[in-house]
Amino acid sequence: MLIFLIGFMGSGKSTLGKQLAKKLNYQLIDQDSYIEKKTGISVGNYFSSNGEEAFRKLEHESLIELSKLENAVISTGGGAPCFYNNIEIMNNSGISIYLKLKPEILFSRLKYAQNERPLIKGKTEEELFGFIKTKLSERESFYLKAKHVIESMDLKSEDLFQLVKYHGLN
Ligand code: S3P
């Protein structure tokens, strides 16, 4: 079984992914870290040297590789489901779960975590909130293609574990 956690930056994919993987006794793979291992540079540096388009290509290629795994939880990059046929790849190879959060909550989390994220680095609070609202509404139709959509405010990894268990584990 392969589980893809998808959602906007700051939606808790990595944190919840780690906890869920532990409960399932699966490996956790963070897609950005996977890409960083392959390229040898950080996503931020890759973006600034090669641009977003090149990053999206790399992200797509990495997803094809990751979709061949078994017994893993993949915390995907926030933009991953919105480019190429990535969301279809996820849905054809495993269970995708959209961790859905309101822009206000994403903002409160992301304002302290901008530096390592090239798309929001250096934005003022006002710019950041505007960016989150606009991008989220652009991306929502892709995110909503996930097999499961779950409001992730106060979401516990146990809730995710139960969802995954109920939908076909073991
Ligand atoms: C991105 C999200 C980031 C990372 C890259 C682009 C996006 O991942 O892939 O900076 O387009 O939303 P996280 O969602 O893990 O921050």
Distance (rounded to the nearest 0.5 Å) between Lys37 NZ and Tyr34 OH: 9.5 Å

Distance in Å, Leu5 CG paired with Leu16 CG, rounded so as to fall on 0.5 Å steps: 7.5 Å

Spacing of Phe4 atom CZ and Ile97 atom CD1 [to the nearest 0.5 Å]: 11.0 Å

Minimal non-hydrogen separation, Asp154 against Asp159, with atom names: O-OD2, 4.4 Å

Single-linkage hydrophobic cluster Ile74~Phe55, side-chain heavy atoms < 4.5 angstrom: yes

Closest approach of Ile29 to Leu69 (non-hydrogen atoms, all atoms of both residues): CD1-CD1, 3.2 Å

ILVMFWY network linking Ile6 to Ile105, side-chain heavy atoms under 4.5 angstrom: yes

Within one Ile-Leu-Val-Met-Phe-Trp-Tyr cluster: Leu58 and Leu119, side-chain cutoff 4.5 Å: yes

Fellow cluster residues of Tyr84, listed by chain then number, with links counted only when side-chain atoms sit under 4.5 Å apart: Phe83

Exercise: identify the closest heavy-atom pair between Glu70 and Gln27: O-NE2, 4.3 Å

Minimum-distance pair of heavy atoms, taken over all atoms of Gly78 and Tyr143: O-OH, 2.5 Å

Gap separating the CZ atom of Phe8 from the CG atom of Leu101, nearest 0.5 angstrom: 11.0 Å

Distance, nearest 0.5 Å, that separates NZ of Lys145 from SG of Cys82: 9.5 Å

Heavy-atom side-chain proximity of Lys18 to Lys22 below 4.5 angstrom: no

Under 3.5 Å donor-acceptor, Lys13 side chain and Leu99 backbone: no

Nearest heavy atoms of Tyr26 and Ile3, plus distance in Å: CE2-CD1, 4.2 Å

All side-chain hydrogen bond (donor to acceptor under 3.5 Å, both in side chains) counterparts of His60, not counting sequence neighbours: Asn86

Tyr166 side, atom OH; Phe161 side, atom CZ - distance, nearest 0.5 Å: 15.5 Å

Salt bridge Glu65-Lys38, side-chain N to carboxylate O under 4.0 Å: yes

Residue of the set Leu128, Leu106, Ile120 for which side chain to side chain contact (heavy atoms under 4.5 Å, CB included) holds with Lys111: Leu128

Those residues that, when tested against Lys156, pass side-chain hydrogen bond (donor to acceptor under 3.5 Å, both in side chains) (two or more places apart): none

Closest non-hydrogen atom pair, Leu155 against Leu160: CD2-CG, 3.9 Å

Carboxylate-amine/guanidinium contact Glu53 Arg56, below 4.0 Å: no

Test item: Ser137 side-chain N/O and Thr134 main-chain N/O as donor-acceptor pair under 3.5 Å: yes

For Ser33, all residues meeting side-chain hydrogen bond (donor to acceptor under 3.5 Å, both in side chains), sequence neighbours excluded: Asp30

Test item: Gln31 side-chain N/O and Ser62 main-chain N/O as donor-acceptor pair under 3.5 Å: no

Salt bridge (charged side-chain N to carboxylate O under 4.0 Å, His left out) contacts in which one or both residues fall within residues 125-137, not counting sequence neighbours: Lys135-Glu138

Under 3.5 Å: donor-acceptor pair, side chain of Glu36, backbone of Val43: yes

Transitive ILVMFWY side-chain link Leu2 to Ile87, under 4.5 Å: yes

Contact list for residues 90-103, test side-chain hydrogen bond (donor to acceptor under 3.5 Å, both in side chains), sequence neighbours left out: Asn91-Ser96, Tyr98-Glu140, Lys100-Glu140

Met9 reachable from Met90 in the ILVMFWY side-chain graph, under 4.5 Å edges: yes

